[in-house]
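Just below is one structure, and these are the notes that go with it.
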Amino acid sequence: MGPLPRTLELFYDVLSPYSWLAFEVTPGEPLRPGLGGRGQREGRAKGVLCRYKNIWNVSLQLRPTLIAGIMKDSGNQPPALLPRKALYLKNDVRRLGRYLQVPIHLPKDFFFVIFEKGSLTAMRFLTIVKLEHPELLEKVSRELWMRVWSRDEDITEPQSILAAAEKAGMSTGRARELLERVSTPQVKNQLKETTDAACKYGAFGLPVTVAHLDDETYMLFGSDRMELLAHLLGEKWMGPVPPAATARL
């Protein structure tokens, strides 16, 4: 019997494009026209951490979190509120999307999506998906990210969330049942508990990866800490798309 896997927690919100970049990298799927005239792969994508979890022998726990709660608790301000940071963020996300082969297209009304529409219902829905159907959490999360950050589609209206759940493989009836329960105390409390847990680790934004290694706990912020994570694990970082034969997906 081999060594027990180390545990990684990924705290994320689908309103955060950097959370998607930490979560997502696309394997060898058919190309479609993409960013800057280059091809982008779209299909059965696997997250960066999902792709590495077998290579690094880690147990990956996906933790749907409310970024608005973290910003409020930490006193942090969204970087897009500062014009220079907003410009940098848009360019940075596009560049990272090309590098990680993630089909990101920023919404036309970026500020309205971020500051007015938000992600509360979507994150409550992901919370109940984790409670009731954890095997679908990765796929439903991905579909919500695809809607808002690739196709400039809504993720706040019930029909939008249902469409994402159905595309991820959940039956229409079951998706409706879960959506009807997103405002129950159980779901609201669970999302708050997860958000509070991220805050206790020191989160001031998302994504946050928390590595539990032996008797040590490390909190890493951002989508560009994979090399450092590999170092902490004593493992090798082979880029955003490690060899398929090694990944054995």
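Atom CZ of Phe110 and atom NZ of Lys90 lie 6.0 Å apart (nearest 0.5 Å). Rounding to the nearest 0.5 Å gives a distance of 8.0 Å between CD of Glu138 and CG of Leu60. Distance CD1/Ile114 to CG/Leu81: 10.5 Å, rounded to 0.5 Å. Here the CZ atom belonging to Phe204 is positioned 5.5 Å from the CE atom belonging to Met219, to the nearest 0.5 angstrom. Between Asp214 atom CG and Glu216 atom CD the span is 8.0 Å, to the nearest 0.5 Å. Rounding to the nearest 0.5 angstrom, the gap separating the CG atom in Leu126 from the CG atom in Leu191 is 9.5 Å.
Formation of a donor-acceptor pair under 3.5 Å by the Tyr218 side chain with backbone atoms of Thr209 is not found in this model. Put simply, the side chain of Trp20 never gets that close to the backbone of Gly97: no donor and acceptor are under 3.5 Å apart. The closest donor-acceptor contact from the side chain of Lys130 to the backbone of Leu137 lies at 3.5 Å or more, if one exists at all.
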| What do the steps show when you test Leu15 against Val113 for side-chain contact (heavy atoms from CB on, under 4.5 Å), and what is the final call? | CA-CA 8 Å; Leu15 195 63; Val113 168; 4.3 Å; yes
| message | Set out, in order, the CA-CA distance, both residues' side-chain angles and the distance that settles side-chain contact (heavy atoms from CB on, under 4.5 Å) for Arg174 and Glu132, then state yes or no. | response | CA-CA 10 Å; Arg174 185 57 174 157; Glu132 301 283 340; 3.2 Å; yes
* Asked: Could you walk me through whether Ser150 and Ile104 pass the side-chain contact (heavy atoms from CB on, under 4.5 Å) check?
  -> CA-CA 5 Å; Ser150 190; Ile104 280 190; over 6 Å; no
*Start with the C-alpha gap between Lys53 and Leu8, add the side-chain angles, then the distance that decides, and say whether side-chain contact (heavy atoms from CB on, under 4.5 Å) holds.*
CA-CA 9 Å; Lys53 66 181 180 181; Leu8 302 179; over 6 Å; no
- Message: Test side chain to side chain donor-acceptor pair (under 3.5 Å) on His105 and Arg94; report intermediate values, then the result.
- Response: CA-CA 7 Å; His105 297 273; Arg94 292 189 184 102; over 6 Å; no
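Side-chain N/O atoms of Ser141 and Glu143 include no donor and acceptor closer than 3.5 Å.
With a 4.5 Å cut-off on side-chain heavy atoms, Pro103 and Met146 count as touching. Contact of the Leu232 side chain with the Leu220 side chain is registered, since non-hydrogen atoms from C-beta on lie closer than 4.5 Å. With a 4.5 Å cut-off on side-chain heavy atoms, Val182 and Leu179 count as touching. At a threshold of 4.5 Å between non-hydrogen side-chain atoms, the residues Val208 and Tyr12 do not count as touching.
Within the structure, side-chain hydrogen bond (donor to acceptor under 3.5 Å, both in side chains) pairs that include any residue of residues 108-128 comprise Asp13-Ser119, Lys117-Asp154 (at least two apart or interchain). Listed by first and then second residue, the side-chain hydrogen bond (donor to acceptor under 3.5 Å, both in side chains) pairs that reach into residues 229-243 are Arg6-Glu235, sequence neighbours excluded. Legend: side-chain hydrogen bond (donor to acceptor under 3.5 Å, both in side chains) pairs involving residues 183-195, not counting sequence neighbours, sorted by first then second residue: Gln190-Thr194, Lys192-Asp196. Legend: side-chain hydrogen bond (donor to acceptor under 3.5 Å, both in side chains) pairs involving residues 63-83, not counting sequence neighbours, sorted by first then second residue: Glu9-Arg63.
Every residue two or more places apart in sequence or in another chain was checked for a ring pair (Phe, Tyr, Trp, His ring centres under 6.0 Å) with Tyr18, and none qualifies. Shown here are the ring pair (Phe, Tyr, Trp, His ring centres under 6.0 Å) partners of Phe111, two or more places apart in sequence or in another chain: Phe115.
Cluster membership check: Tyr88 does not share its hydrophobic cluster with Leu21, using side-chain heavy-atom separations under 4.5 Å among Ile, Leu, Val, Met, Phe, Trp and Tyr. Met226 and Tyr99 end up in the same hydrophobic cluster when Ile, Leu, Val, Met, Phe, Trp and Tyr side chains are linked at under 4.5 Å. Tracing side-chain contacts under 4.5 Å through hydrophobic residues (I, L, V, M, F, W, Y), one never reaches Leu131 starting from Leu178; they form parts of separate clusters. Residues Leu10 and Leu213 share a single hydrophobic cluster, defined by chaining ILVMFWY side chains whose heavy atoms lie under 4.5 Å apart.
The two residues Val14 and Met123 make their nearest non-hydrogen contact at N-SD, 3.5 Å. The two residues Trp149 and Pro107 come nearest to each other via the heavy atoms CZ3-CD, 3.3 Å. In terms of heavy-atom proximity, Thr156 sits nearest to Ile161 at O-CD1, 4.3 Å. Scanning both residues, Pro207 and Ala22, for their nearest heavy atoms gives CG-CB, 3.8 Å. Heavy-atom minimum distance, Arg147 versus Ala163: NH1-CB, 3.8 Å. Closest heavy-atom contact between Leu206 and Phe11: CD2-O, 3.5 Å.
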